[in-house]
Amino acid sequence: MAVKSRRRGKADRHAEQAPDEAGSEQLAASVPTFKVVALGLPGSGKTVLLASMFHELDHLAPGRSFYLDATPEQRVALNGVYRTVSDTRREWPRSTRIAELTDYVFNCVALDDGGARHHLLDVVYLDYAGELLEHAPETGRSSFQELQGHIRSAQALLGLLDGQRILQLLRGEPAGHDYLQFELRSLLGLLQSARAPVQLVITKWDLVRGFGEPPDADDELRLDRVIGALMAFDHVRGLVYSSPNQLVRLIPVSAVGRGFAELREDGSVVKRSGGTVRPMNVDVPLCAVVPDLFRQVERTIDDETRRKLEESLRRSLKGRSMRVRAVDVLSGLGTFLNGSAGRALGAVFAGMMPGVVGVAATEVTRMFAEWAATPYERVADARELHEAEFGRYRAARERVLVQFDTAVRRLEAIMPNSELGRR
């Protein structure tokens, strides 16, 4: 994993810092970075989806105590794309890619009960130009080697499937068959080489209808028809079943929502005059990065490590008042992480996350242990964690982990068939 430690100051300067300053520097050193690689052919809607995702998550909202921040330049660029998309008087954004790779860095910032802000984690979102998957670049082999390196070290892979082309497939049109059989083959082959969880994101989901489904069909039924059509291709089945522990998820999204655009007979997609943007599921791909990674790790660890982790959590919670449980859990997790089972868990993360170092590595493992505490009352709710002096930082992080998980479970409640290979 591209988990990077922030560089500390020299030891003599560190010793002169006030305790709270030293603590802040230690927290900064523990901020992990999760790498996401996004791949999609030209026209699949990668840029529009990214702008919509950021627009959805760049502010606090009811039920969400975190937001994503970005550099001013990237914030302005993404907001400009979103404004173009949402304005029915303007054409769809044109592709303006001038490089094979564009990287965005999103800081996940959360508020605690006292209103203080905490920088919890970073997401590095690598957006590859779709042309790389269609034509060999002038730079030749080095570009593909760089791409494969990023895929091997990523914590999430997003493969974007064009919903309009999926509709062609469902309607039995030759263009839809060719899209899956030939055009997507390179993309799916690259995803199959990954160790991280894979998200197959169907863009333009608002267009995927009118292919012979019942008039009262809901999204679960539509998705089931899509899954049946996709799994008819051997290279899609190969991706889904390439590893028994790898999580492959199908996520339908719409950057604009139903009723904003219409598909005409000539194949063009036009905005409807006076239409209002109502995005659907655009927050899920980024919110699912950490929970899906942790679910995959949970499947990977051996029974002995899982048993010892569960025992440490039970011992920490048993017979304790809610006020002191959080402190006991922190102590219990520390004991677990320093033991043989904890080191085994750390080795699993190190294998999946090349580059993990120092305190950031410990914090990622601790995040997983806290996430795994779900069956044991999630340790405590955010207020109790704060009252128990568990630390505002970890209390804020715990709340955000729950909110990430909630976004994934909301998708699964509506579309229980969204995780492939678990049917």
Side-chain angles (χ1 to χ4, degrees), residues 1 3 31-34 36 53 56-57 60-68 106 108-113 118 120-123 155-158 196-199 201 245-253 280-301 306 309-310 313 317 325-326 329 333 345 348-349 352-353 363-386 390 393-422:
M1 175 179 183
V3 178
V31 173
T33 299
F34 295 82
V36 178
M53 283 194 295
E56 184 78 8
L57 296 172
L60 297 171
R64 190 174 70 225
S65 63
F66 71 92
Y67 64 91
L68 297 184
F106 300 120
C108 180
V109 181
L111 265 64
D112 64 22
D113 288 338
H118 300 277
L120 300 183
L121 57 90
D122 290 337
V123 175
Q155 285 66 69
L157 279 298
L158 272 61
V198 172
Q199 300 177 17
V201 181
N245 295 319
Q246 187 176 34
L247 194 154
V248 180
R249 187 183 297 283
L250 195 60
I251 306 178
V253 303
M280 171 191 171
N281 292 338
V282 294
D283 60 323
V284 176
L286 285 182
C287 287
V289 169
V290 175
D292 279 358
L293 177 66
F294 286 175
R295 287 185 186 186
Q296 185 166 312
V297 169
E298 189 175 43
R299 296 173 183 176
T300 305
I301 60 178
R306 183 181 294 106
L309 173 58
E310 293 174 351
L313 293 168
L317 292 170
R325 282 183 182 182
V329 167
L333 290 180
L345 177 60
V348 172
F349 272 104
M352 292 186 63
M353 303 178 292
E363 280 303 303
V364 172
T365 310
R366 190 185 298 278
M367 283 173 64
F368 169 79
E370 293 169 3
W371 174 86
T374 304
Y376 312 108
E377 302 177 51
R378 256 291 171 203
V379 181
D381 67 28
R383 178 176 296 179
E384 287 157 345
L385 288 173
H386 175 65
F390 188 70
Y393 175 83
R394 287 196 171 93
R397 185 176 69 190
E398 171 66 17
R399 181 185 295 170
V400 171
L401 286 176
V402 172
Q403 292 166 1
F404 284 167
D405 222 28
T406 298
V408 175
R409 294 184 186 279
R410 185 181 69 239
L411 172 71
E412 293 175 337
I414 300 172
M415 304 177 191
N417 48 356
S418 63
E419 185 182 342
L420 301 179
R422 294 276 169 174

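Just so we're clear, the structure is a prediction, and the values are computed from it rather than from any experiment. One-based numbering along the sequence shown.
Nearest heavy atom pair, residue Gln155 against residue Thr33, reads OE1-O, 4.0 Å. Between Leu247 and Gln296, the closest heavy-atom pair is N-OE1, 3.0 Å. Taking each heavy atom of Leu120 and Tyr393 in turn, the nearest pair found is O-OH, 3.6 Å. The two atoms that bring Cys287 and Phe404 nearest to each other are O-CB, 3.5 Å, heavy atoms only. Residue Arg249 comes nearest to Asp292 through the heavy atom pair NH2-OD1, 2.8 Å, listed as atom of the first residue, atom of the second, then distance.
Using a 4.5 Å cut-off on side-chain heavy atoms (C-beta onward), Tyr67 and Phe106 make no contact. The side-chain heavy atoms of Arg394 and His118, taken from C-beta on, include no pair separated by under 4.5 Å. By the 4.5 Å heavy-atom criterion applied to side chains, Phe368 and Leu293 are not counted as neighbours. Between Glu56 and Met53 the shortest side-chain heavy-atom distance does not fall below 4.5 Å. Residues Val284 and Arg410 have side chains in contact (heavy-atom distance under 4.5 Å, counting atoms from C-beta outward). Put simply, the side chain of Leu68 reaches to within 4.5 Å of the side chain of Leu286, judged on heavy atoms. Contact check for Val289 versus Val123: no side-chain heavy atoms found under the 4.5 Å cut-off. Proximity of Asp122 to Val31: side-chain heavy atoms (C-beta onward) are separated by under 4.5 Å at one or more points.
Exactly one of Asn281, Leu250, Ile251 qualifies for a side chain to side chain contact (heavy atoms under 4.5 Å, CB included) with Met415. That residue is Asn281.
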TODO: Quick one: do Leu111 and Arg399 satisfy side chain to side chain contact (heavy atoms under 4.5 Å, CB included)? Show the steps, please.
DONE: CA-CA 10 Å; Leu111 265 64; Arg399 181 185 295 170; 6.0 Å; no
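A donor-acceptor contact shorter than 3.5 Å links the side chain of Gln199 to the backbone of Pro285. Between the side chain of Gln246 and the backbone N or O of Ala196 there is at least one donor-acceptor pair closer than 3.5 Å. The closest donor-acceptor contact from the side chain of Gln403 to the backbone of Ser65 lies under 3.5 Å.
Summarising the geometry, atom OG1 belonging to Thr300 is positioned 12.5 Å from atom CZ belonging to Phe294; distances are rounded to the nearest 0.5 Å.
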